[in-house]
Number of protein chains: 2
Amino acid sequence: MTGQRPAAERATDRWADVRRRLRARGLRWTPQRRVLLEVLAGVDGHVTGAELVERTRRIDPTTTPSTVYRTLDVLEGLGLVSHSHGLEGRQEFHVNPRADHGHLVCPGCGGSWELAPDEVAELVAGLRDGRGFEVAVDHLTIEGRCADCARAGMARA
Amino acid sequence: MTGQRPAAERATDRWADVRRRLRARGLRWTPQRRVLLEVLAGVDGHVTGAELVERTRRIDPTTTPSTVYRTLDVLEGLGLVSHSHGLEGRQEFHVNPRADHGHLVCPGCGGSWELAPDEVAELVAGLRDGRGFEVAVDHLTIEGRCADCARAGMARA
DNA sequence: GTCGTTGCTGCAACATGTTGCGATAACAGC
DNA sequence: GCTGTTATCGCAACATGTTGCAGCAACGAC
Ligand SMILES: [Mn+2]
Ligand SMILES: [Mn+2]
Ligand SMILES: [Zn+2]
Ligand SMILES: [Zn+2]
């Protein structure tokens, strides 16, 4: 009997912190939020908003999109997730973002790459010094033609 | 009589070039495209896609969104317009883009500023040299906190 | 355990595009 | 002017979110 407890307790512990932080802001711990956090716990890397709605529905089919998106807003406020935008401007969420990073996307092949902090360091510093503008690096998505697509384009032209 | 001709001819001339370029690609000159070009001729600076649908409908109420957006794609292919994305990821069109330029947007106040070419020159050069990635500067939108909102944030904290 | 406050949910409507498809019409050739 | 080819149109359905609102329920207080 007690042999099964630890797993459940570990899951409880994982959520206890979130619950505490919600309560500290006067916000509430609801079944819907628990389900979304369960989904997020199983995510590695990036997920789109639609995908999160989908996965949440697999656990609880009564889930509605508005609740999911509103909860994601709340969790972003807590720093548990962050979002940027993919090719069609769709939301892409990062779970437990370790370090801020932007993305490079190529509409030609649909490819996507993470941007290392030092690749945008000068841009960030330049805009801060020149305009007092603080770039949201984790929200940054730069579109353009990747090396492979550029080569293919040259061959065609 | 002939005194009224020039204006009409000027308008005809303005479109003759577009028509010619469409035909050169095997594409067609239709009443719907003429109306959209009439709308675009009256635009200075940026417009959202929804706004273009709206204005086109004011000239021809039977206009449908799909035709407007598909025509905008075609005109973008001709280089007559280009688009980037605003705060909510919505399309913003530039008419007759003189020089490529990106944008800075601040979710705090909704402000938007144009990016001078030299402000992104190093970023563009760095990604080209380091990855062979060619940034679409006219599509670039950088989100962050503007100087005014940063000051307001400091005061609050 | 009950109560009151108020944050949260689910619904319905809406906003902004996108896509598949059958009917229409622009254009070149005659 | 006709005719044939095929790009384009309009419609309907869909994708991805967002927002207003009325009722529900999480939570702290007692
Ligand atoms: Mn965003
Ligand atoms: Mn785009
Ligand atoms: Zn590519
Ligand atoms: Zn601002």
Side-chain angles (χ1 to χ4, degrees), chain A residues 15-16 18-37 46-57 59-78 81 83-93 107 110 139 141, chain B residues 15-16 18-37 46-57 59-78 81 83-93 107 110 139 141:
Chain A
W15 293 323
V18 178
R19 175 175 188 172
R20 186 180 50 70
R21 295 174 62 192
L22 286 171
R23 292 305 310 146
R25 295 191 174 200
L27 305 179
R28 293 172 187 173
W29 179 246
T30 67
Q32 294 83 355
R33 291 180 174 178
R34 196 186 53 70
V35 171
L36 179 54
L37 281 165
H46 312 107
V47 224
T48 65
E51 175 77 19
L52 287 173
V53 170
E54 171 69 21
R55 292 194 197 179
T56 305
R57 265 208 235 270
I59 297 179
D60 175 2
T62 70
T63 305
T64 56
S66 52
T67 295
V68 172
Y69 287 112
R70 284 193 280 225
T71 299
L72 285 168
D73 281 348
V74 171
L75 297 180
E76 188 153 15
L78 295 184
V81 303
H83 84 271
S84 59
H85 299 269
L87 265 183
E88 314 295 322
R90 286 183 198 145
Q91 296 180 342
E92 301 208 330
F93 290 89
H139 189 279
T141 298
Chain B
W15 292 325
V18 178
R19 176 176 187 173
R20 186 178 51 70
R21 295 172 63 192
L22 286 171
R23 292 306 310 148
R25 294 190 175 202
L27 306 179
R28 293 173 188 174
W29 179 246
T30 67
Q32 293 84 355
R33 290 181 176 177
R34 196 184 54 70
V35 171
L36 179 54
L37 280 165
H46 312 107
V47 224
T48 65
E51 176 76 19
L52 287 173
V53 170
E54 170 69 22
R55 292 194 198 180
T56 305
R57 264 207 236 269
I59 296 180
D60 177 1
T62 70
T63 305
T64 55
S66 51
T67 295
V68 172
Y69 287 111
R70 284 194 279 225
T71 300
L72 286 168
D73 280 348
V74 171
L75 296 180
E76 190 154 13
L78 296 184
V81 303
H83 85 271
S84 59
H85 299 268
L87 265 184
E88 314 296 321
R90 285 182 198 146
Q91 297 181 343
E92 300 208 330
F93 289 89
H139 189 279
T141 297

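We use all heavy atoms of the structure for the numbers below, so side chains are in, but hydrogens, waters and symmetry mates are not. Numbered from 1 within each chain, the chains take letters A, B, ... in sequence-line order.
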So, OP1 or OP2 of D:dG10: does either fall under 4.0 Å of a side-chain N or O from B:Thr67?
yes
A:Thr62 side chain: which of C:dT9, D:dC9, C:dG10 is closest?
C:dG10
Return no unless some side-chain N or O of B:Gln32 is found under 4.0 Å from OP1 or OP2 of D:dG10.
yes
For B:Arg33 and D:dA7, is the shortest distance between a side-chain N/O and OP1 or OP2 below 4.0 Å?
no
Polar side chain donor-acceptor pair, A:Glu76 to A:His83, under 3.5 angstrom:
yes
Atom pair distance, as rounded to whole Å: NE2 in A:His83 and C1' in D:dT16:
13 Å
How long is the gap from OG1 on A:Thr71 to CG on A:Leu36, to the nearest 0.5 Å?
6.0 Å
Interatomic distance, B:Glu51 CD vs C:dG17 C1' [rounded to whole Å]:
16 Å
Rounded to whole Å, the CG-C1' distance (B:Leu22 to C:dC27) equals 13 Å
Mind calculating the distance between NE2 (A:His85) and P (D:dT16) to the nearest angstrom?
15 Å
Establish, with yes or no, whether the OP1 or OP2 oxygen of C:dT18 is under 4.0 angstrom from a side-chain nitrogen or oxygen of B:Gln91.
yes
Considering all heavy atoms, the nearest A:Leu52-A:Phe93 contact:
CD1-CD1, 3.9 Å
Which residue lies toward the 5' end of DNA chain C, A:Gly26 or B:Ser66, if each is placed at its nearest nucleotide?
A:Gly26
Is A:Arg23 close enough to D:dG28 that one of its side-chain N or O atoms is under 4.0 Å from OP1 or OP2 there?
yes
In whole angstroms, the gap separating P of D:dG10 from CZ of B:Arg57 amounts to 10 Å
Give the nucleotide from the list D:dG17, D:dA26, D:dA7 with an atom nearest to the side chain of B:Leu27.
D:dA7
Just how far, in rounded Å, is C1' of D:dA7 from CZ of B:Arg21?
19 Å
Nearest-neighbour nucleotide for the A:Arg90 side chain, D:dG17, C:dG10, D:dC9 considered
D:dG17
Within the structure, does a side-chain N or O atom of B:Arg28 lie under 4.0 Å from either OP1 or OP2 of C:dA25?
no
Looking at A:Tyr69, I'd like to know whether one of its side-chain N or O atoms comes within less than 4.0 Å of OP1 or OP2 on D:dG17.
yes
Distance, rounded to the nearest Å, where A:Arg70 contributes CZ and D:dG17 contributes C1'
11 Å
Between atom CG in B:Leu72 and atom C1' in D:dT8, what is the gap in whole Å?
15 Å
Shortest non-hydrogen separation from B:Leu72 to B:Val81 and the atoms involved:
O-CG2, 3.9 Å
When you measure from the side chain of A:Arg33 to the backbone N and O of A:Arg28, does any donor-acceptor pair fall under 3.5 Å?
yes
At under 4.0 Å between heavy atoms, what does B:Arg25 touch on the DNA or RNA strands: base, sugar-phosphate, or nothing?
nothing
Can you name the closest pair of heavy atoms from B:Leu78 and B:Arg25 and give their distance?
CD2-NE, 3.5 Å
Between A:Thr30 and C:dG7, is there a side-chain N or O to OP1/OP2 distance below 4.0 Å?
no
